[in-house]
Amino acid sequence: MPVQAAPRSFTVQWGSESVLVSNVESELPVATADADLAKVVEAGRANPVTLLPEAAWQAVARATTSPDGVAVQLRPTAAEPSGLLMVENVDGATLHSVVTRVHLSEMLPGIQPRTGMEVMEIPDPQVQGITDADRPCAIVRYRYQDLAHLRNHVWQTIHGTLSLNSYAPSVLARKVTRNLIAHPVEIAFEDGTESFHTLVVRDGITRLASAWAVLAGPDADAAETAGLAVDSLFGKNTAAPAAQGGSPLGQRLAANREKWRRSLREEFARGITEEQPGTRTAQIAQTYVLPAQIAVGAEGHPGHLLAAEDIFDDAIRSVLASVHVEFKQWDTAAQNVEVATRALKRVIQLGDSLVPKDDLQIVYGLAVGRIPVEELPRVFAADTGCEPPGTALWRSVYLVHALTRPELLDPLKDQAKAIKGGKRMGLKGFAELLGPLIDLPWRSYKKHVTTQARNAWNNGGVLTSDVIQEWEPRPTDDFTNLVKPALAGDIDARCTLAVAGGVALIADKLLTRNVGSALMAAKEKGGVPFRADVNQVVEDLSQQHNELGLWTLALAANRFRSDALPENAVTMRQLIHKQKTEGQDSTPYVHFKVDLDSPDRIERDADGVPVMLHQWDVVWASNPERALKAHPPKAVVIPTRGETDSTDAGTHRAAWLPGPDLGGRPQEDHPQEDRPREDQPREVHRPASQRAAEHRQVLRQSVTGARDSLDRLLLLEPEVGNHTPIVPVSVLDELHTLLIGLQTDVENLRRKATREETVPEDEEVPEDAGV
């Protein structure tokens, strides 16, 4: 038996740094023979605690670099009937896993827990558990729209992960040293494309993405790294590989990946023989294989609450939750999404809810984003034929209504308490769980005020005493149509206005959690006339006798847009230089103060300009009597019709011109040149992140080109002489203004990126626990 050469260590250049690369093996694992793959499949199918389809076992066998070792772990013995598998007991189930090393190119990034509270341009696939004879299989089905959806989703995950954090230098120095948590999946497609089986990583996605970053090289950015990963996993052609001899799609993709790995092995073999191996040799050596813990079996505990098809996925999520409590906790919003969705899933599986299970499945799909906003009219079509508009705001109305029904509220709270390990949960605690579910459609557009909005949900949100009782949403295209019946005592109209208007005010930072400092702040800076919980303000606004409050809710709901922030909330415009394009015809997005004496219920100053709404006005409208006691007219002059507030009449006057009645529907306010048209073929519908990567390159090239042009002008200046300036003063002034604006925008982007740069929640800091 030949003696393998000892591992080597050498120094390579990684960008501007020198990195000591350690423990480089002299050879890379070769392709696994079919006979060795068969050993894994046979051992897996013979183990009594593992239950996977044969195609899934083949995926496990293809991924491992040690099929013999995996087979040994799987084989039952007299002393160990379940083999030598790793065993984990979690809430309601026991997981069995093999520990091995796997090929980088056989692992796909899975759905990340932390994205449950984020909005992503490429939606996650639908997830469905798989059973065999009512026993849970250690596998789930990811259902994508088509192959392009799969490619873009993988690209988005790797690109987004590396945009947050990268362990590339550490991986280059000492490989990935901590196990990835993975399991098999069946990749299915809605367009009829043939399904296939593979492995996905559920914990350790930053380590996985960092390995791809090392392989891509020191000069590759996140977009180029994501492109390399997608092309290596699925081929450079966006279509499925051509069938050869009737082989399944999974085998064709696997053959392409093995061909790609063979080229890496050949490149490595040439480089490792050199006296001083280069950087490329180190890149291949340190990323070719990764350590992994692959779940291959799941057993539900007696008396468990979940259906068989949900046991495995819930168990995996429990493992991830335990990891991130011990090492790196998810932030509060991510925890709330996890608790709320798992609690709803458990209520569904208990089967003793007064709400039909089919209706609960619809609510669950709406909560996790599986049912798009556009499907609202179809999903919630009433018997009367009155369908809700397919808007994000109406999604929030129906979601709040469904999750706060008396027959569902208490079971949800009980399951949420059980998951969180608490003993009690009040109405504010439950509202806190709803915040990250409600803001799903507009998170990215209103991200600058997300913190304040979620604080408002923590303070009760729109869960008034009436909203948590019996009522039904009243679909309409114009929320002002609900004011008259609400004043007449219609509970459905009042609660619809409370939820829709309350959500709009919270999302647009016009209703926030009142703190002591808000009492001292100026009206224009978020001040309030008195302190009150958010849900109490919404309740007072929606009272039958409060006409001012009902109109405030109705107009806020009507003007709400899910694709932008209103002028009321964008205080950063005073700091950020923004150049307006002449002749721009986009309608400003502004909330206006209510005047009950005006025909359109919008207050205007002496010049006829609509008065901007402030949080002060919202809280005042909720209880004018209390506000007057706290601020008598002599102490604080309340602007009235005909008076002009200096701030209102100044900077923003041009932006206050009212647009057409939006009827509760969002109005387009964005350039269309980068948006895909419906008549375009699907393959040209590329995600914004991929288009943004191209524009970043154009920006960099444009700035570099400007620098080159300026250098050439300076070289030409002596030849031009003194008879005329090389650049006229008027042009220099114009250029100076443009450059100041560009510098300001770049600096603000840099500061924002620095401020938001955090270690992803599914990772540990590499210095603490390795990578």
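Excluded from the calculations below are hydrogen atoms, water molecules and symmetry mates; all remaining heavy atoms, backbone and side chain alike, are included. Every value quoted in this text rests on a predicted model; they were computed, and no experiment measured them.
Residues that satisfy the ring pair (Phe, Tyr, Trp, His ring centres under 6.0 Å) test with Y398, not counting sequence neighbours, are F380.
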_What verdict does the side-chain contact (heavy atoms from CB on, under 4.5 Å) test give for L541 and L505, after you've listed the backbone C-alpha separation in whole Å, the side-chain angles of each residue and the deciding distance to 0.1 Å?_
CA-CA 12 Å; L541 287 170; L505 292 170; 4.2 Å; yes
*asked:* What verdict does the side-chain contact (heavy atoms from CB on, under 4.5 Å) test give for D124 and H153, after you've listed the backbone C-alpha separation in whole Å, the side-chain angles of each residue and the deciding distance to 0.1 Å?
replied: CA-CA 7 Å; D124 285 338; H153 188 262; 2.7 Å; yes
*asked:* I'd like to know whether D313 forms a salt bridge (charged side-chain N to carboxylate O under 4.0 Å, His left out) with R202, so could you lay out the CA-CA distance, the side-chain angles of the two residues, the decisive distance to 0.1 Å, and finally the verdict.
replied: CA-CA 11 Å; D313 188 54; R202 293 294 294 272; 3.5 Å; yes
_Using the rule given for side-chain contact (heavy atoms from CB on, under 4.5 Å), can you reason through L565 versus Y445, listing the C-alpha separation, both sets of side-chain angles and the distance that settles it, and then say yes or no?_
CA-CA 7 Å; L565 266 176; Y445 300 105; over 6 Å; no
*Applying side-chain contact (heavy atoms from CB on, under 4.5 Å), run through V127 and Y142 and close with a yes or a no.*
CA-CA 5 Å; V127 182; Y142 283 3; 3.9 Å; yes
*Before giving the answer on salt bridge (charged side-chain N to carboxylate O under 4.0 Å, His left out), spell out for D508 and K446 the whole-Å C-alpha distance, their side-chain angles and the decisive distance to 0.1 Å.*
CA-CA 8 Å; D508 285 342; K446 301 177 187 287; 2.6 Å; yes
*Apply ring pair (Phe, Tyr, Trp, His ring centres under 6.0 Å) to W616 and H631, showing your working.*
CA-CA 12 Å; W616 178 287; H631 299 273; 4.9 Å; yes
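With rounding to the nearest 0.5 angstrom, the OG atom of S396 is 10.5 Å from the CG atom of D439. To the nearest 0.5 Å, atom OG1 of residue T512 and atom CD of residue Q452 are 7.5 Å apart. Between atom CG of residue L434 and atom CZ of residue R454 there is a gap of 12.0 Å, rounded to the nearest 0.5 Å. Between atom CD of residue Q156 and atom OG of residue S163 there is a gap of 10.5 Å, rounded to the nearest 0.5 Å. Taking CG from L550 and CZ from F479, the interatomic distance works out to 13.5 Å, rounded to the nearest 0.5 Å. To the nearest 0.5 angstrom, T552 atom OG1 is 4.5 Å from L548 atom CG.
Between W620 and H614, the ring centre distance reaches or exceeds 6.0 Å.
A donor-acceptor contact closer than 3.5 angstrom links the side chains of D478 and T480. Of the N and O atoms on the side chains of N535 and E539, not one donor lies less than 3.5 Å from an acceptor on the other residue. A donor-acceptor pair shorter than 3.5 Å can be found between the side chains of R141 and Q128.
Put simply, the side chain of V499 does not reach to within 4.5 Å of the side chain of T464, judged on heavy atoms. Using a 4.5 Å heavy-atom threshold, the side chains of S542 and L553 count as touching. Put simply, the side chain of R395 reaches to within 4.5 Å of the side chain of L440, judged on heavy atoms. Contact of the F592 side chain with the L613 side chain is not registered, since no non-hydrogen atoms from C-beta on lie closer than 4.5 Å. Looking at heavy atoms from C-beta onward, D595 lies out of side-chain contact with R601 at the 4.5 angstrom threshold. Side-chain atoms of I506 and I438, non-hydrogen and from C-beta on, never get closer than 4.5 Å to each other. In this structure the side chain of I491 reaches within 4.5 angstrom of the side chain of C495, judged on heavy atoms. The shortest distance between side-chain heavy atoms of H448 and K509 does not fall below 4.5 Å.
Ring pair F560/Y589 is perpendicular by interplanar angle, where above 60° counts as perpendicular and below 30° as parallel.
Closest non-hydrogen pair, V503 versus L393, comes out as CG1-CD1, 3.9 Å. Summarising the geometry of I602 relative to P610, their closest heavy-atom pair is CG2-CB, 3.9 Å, with the distance given to 0.1 Å. Considering all non-hydrogen atoms of both residues, G300 and P136 come closest at N-CG, 4.4 Å. Looking at every heavy atom in both residues, V534 comes nearest to N459 through N-OD1, 2.9 Å. Across all non-hydrogen atoms, the minimal contact from L403 to F430 is O-CZ, 3.6 Å. Between V537 and A532, the closest heavy-atom pair is CG2-CB, 3.9 Å.
When atom types are taken as modelled, the side chain of R513 and the backbone of A453 share no donor-acceptor pair closer than 3.5 angstrom. Formation of a donor-acceptor pair under 3.5 Å by the H591 side chain with backbone atoms of P566 is not found in this model.
With respect to D533 and K428, a salt bridge is recorded, a charged nitrogen being found less than 4.0 Å from a carboxylate O.
For residues 486-495, every residue pair satisfying the side-chain hydrogen bond (donor to acceptor under 3.5 Å, both in side chains) rule, not counting sequence neighbours, is listed here: D466-R494, R474-D490. Screening residues 483-512 for ring pair (Phe, Tyr, Trp, His ring centres under 6.0 Å), with sequence neighbours left out, gives no hits.
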